[in-house]
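Below is one structure, written out as structure tokens, with a few remarks after it.
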Amino acid sequence: MANGAASGHVPAVRPRVYPAGRAVLLLAVCAPELAGRRLKIEGRRVQAVRFGRLALLLSFVDSTAYATAELERKRSDAGWLAAEARVLEGAVERARSSVAVLPMRLLTVFPHSGALEESAKEQYARWCRALTRLGPKRECVVHLYSGPHAPPGGEPYLVRISQRSSRSARAPALKGEAAVVAHAQQVWLACSRIATATRRVQAGDRRGALWSAALLVNERDVSALSALLAASAENGSPLGVSAYLEMPRAPFTFV
């Protein structure tokens, strides 16, 4: 095996036992201690395979059903996409309970094991750096609403948050009563000071939505963010503003 990311060497590819004729769904890159673990998520078999100083969290899937053209067709199927999102979320969160995890994008599929190996060799150094930088951090989501509204939730997290996030970290453009706008801006600034990175999340046509954002925070700052939102909820209550905090998860939105 390689000496690892510090040396810049790419691990040698050794013979592996991959099911013949199956496509490979890459769910996450993890710390190597996870290698050898087998999980069952939403009825799907998932396993962690050692690759240098990493473990690759994989699921073997039908090559025809997960061919490129078929995946493009199925992306418009909300039910199927939600099921795939639940598998990825479940596998990542199970792994995160033991080791640092770098989630992959939803439906990162390779047509065969050789394609996975080649991509892993190309991405190895970047994955090592990203796992060191992002693996220990946590992703939290803040929602602010004004007036009557339905609480956030429903769809799987990846569909509801990560796939609707913007790379813009600018403060949201707000409309409404001056006092409500001022409070919402104040909460945004306070959250931004705690976070190491932010991503705004499209609220769509949700009634009463002021803003939603995914925040990347150090684990030690999760409790500070929770306290901040508790205080903001108390201060916003007289204005009819409600605050919600979803936390913490692996850094799905920031990969």
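Both backbone and side-chain heavy atoms feed into the values below; hydrogens, waters and symmetry mates do not. Heads up: numbering here begins at 1 and tracks the sequence.
The main-chain N or O of Leu131 is never found under 3.5 Å from a side-chain atom of Arg129 such that the two would form a donor-acceptor pair. The main-chain N or O of Ala209 is never found under 3.5 Å from a side-chain atom of Ser212 such that the two would form a donor-acceptor pair. Side-chain atoms of Ser59 come within 3.5 Å of backbone N or O of Arg45 as a donor-acceptor pair. With hydrogens and angles disregarded, no donor-acceptor distance shorter than 3.5 Å links the side chain of Thr108 to the backbone of Met104.
Nearest heavy-atom pair across Val255 and Arg105 is O-NH2, 3.5 Å.
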Inset, instruction - Tell me, with the steps shown, if Arg94 and Ile41 meet side chain to side chain contact (heavy atoms under 4.5 Å, CB included). - result: CA-CA 9 Å; Arg94 283 274 299 276; Ile41 309 294; 3.5 Å; yes

Inset, instruction - Step by step, work out the side chain to side chain contact (heavy atoms under 4.5 Å, CB included) result for Val141 and Leu215. - result: CA-CA 6 Å; Val141 176; Leu215 311 176; over 6 Å; no

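Side chains of Glu122 and Glu117 form no contact here, defined as non-hydrogen atoms less than 4.5 Å apart. Between Pro251 and Lys137 the shortest side-chain heavy-atom distance does not fall below 4.5 Å. Side chains of Ser226 and Met247 form a contact here, defined as non-hydrogen atoms less than 4.5 Å apart. At least one side-chain heavy atom of Leu216 sits under 4.5 Å from a side-chain heavy atom of Leu134.
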Tell me which donor-acceptor pairs under 3.5 Å the side chains of residues 217-225 have, and how far apart each pair is, sequence neighbours excluded?
none

Expected list for residues 20-35: side-chain donor-acceptor pairs under 3.5 angstrom, two or more places apart:
{"unit_1": "Arg22", "atom_1": "NH2", "unit_2": "Phe60", "atom_2": "O", "d": "3.1"}

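Counting non-hydrogen atoms of other residues, nucleotides and ligands closer than 6.0 Å to CD of Glu42 gives a total above 12. For CD of Glu70, the number of neighbouring non-hydrogen atoms (other residues, nucleotides, ligands) closer than 6.0 Å is greater than 12. The neighbour count for Arg75 CZ, taken as heavy atoms of other residues, nucleotides or ligands under 6.0 Å away, is above 12.
Legend: residues meeting side-chain hydrogen bond (donor to acceptor under 3.5 Å, both in side chains) with Arg164, ordered by chain and number and at least two apart, are Glu155. Residues meeting the side chain to side chain contact (heavy atoms under 4.5 Å, CB included) test with Ala178, sequence neighbours left out: none. Take Glu89 and apply the salt bridge (charged side-chain N to carboxylate O under 4.0 Å, His left out) test, not counting sequence neighbours, and it matches no residue. Under the rule for a side chain to side chain contact (heavy atoms under 4.5 Å, CB included), Arg133 has no partner lying at least two apart in sequence or in another chain. Take Trp211 and apply the ring-ring contact (aromatic ring centres under 6.0 Å, His included) test, not counting sequence neighbours, and it matches Trp188. Applying the side-chain hydrogen bond (donor to acceptor under 3.5 Å, both in side chains) test to Thr253 and every residue at least two apart in sequence or in another chain returns Glu139, Ser162. Legend: residues meeting side chain to side chain contact (heavy atoms under 4.5 Å, CB included) with Lys40, ordered by chain and number and at least two apart, are absent. Checked against side chain to side chain contact (heavy atoms under 4.5 Å, CB included), Ser119 has the following partners two or more places apart in sequence or in another chain: Phe110, Gln123. Listed by chain and number, the residues in a ring-ring contact (aromatic ring centres under 6.0 Å, His included) with Tyr145 are His149, Tyr244 (sequence neighbours excluded).
Between Glu84 and Arg44 there is a salt bridge, with a side-chain nitrogen of the basic residue lying less than 4.0 Å from a carboxylate oxygen of the acidic one.
Apart from Val87 itself, the hydrophobic cluster it occupies contains nothing, where clustering links Ile, Leu, Val, Met, Phe, Trp and Tyr at side-chain heavy-atom distances under 4.5 Å.
Between Tyr66 and Trp80, the angle of the ring planes lies from 30° to 60°, which puts this pair in the tilted group.
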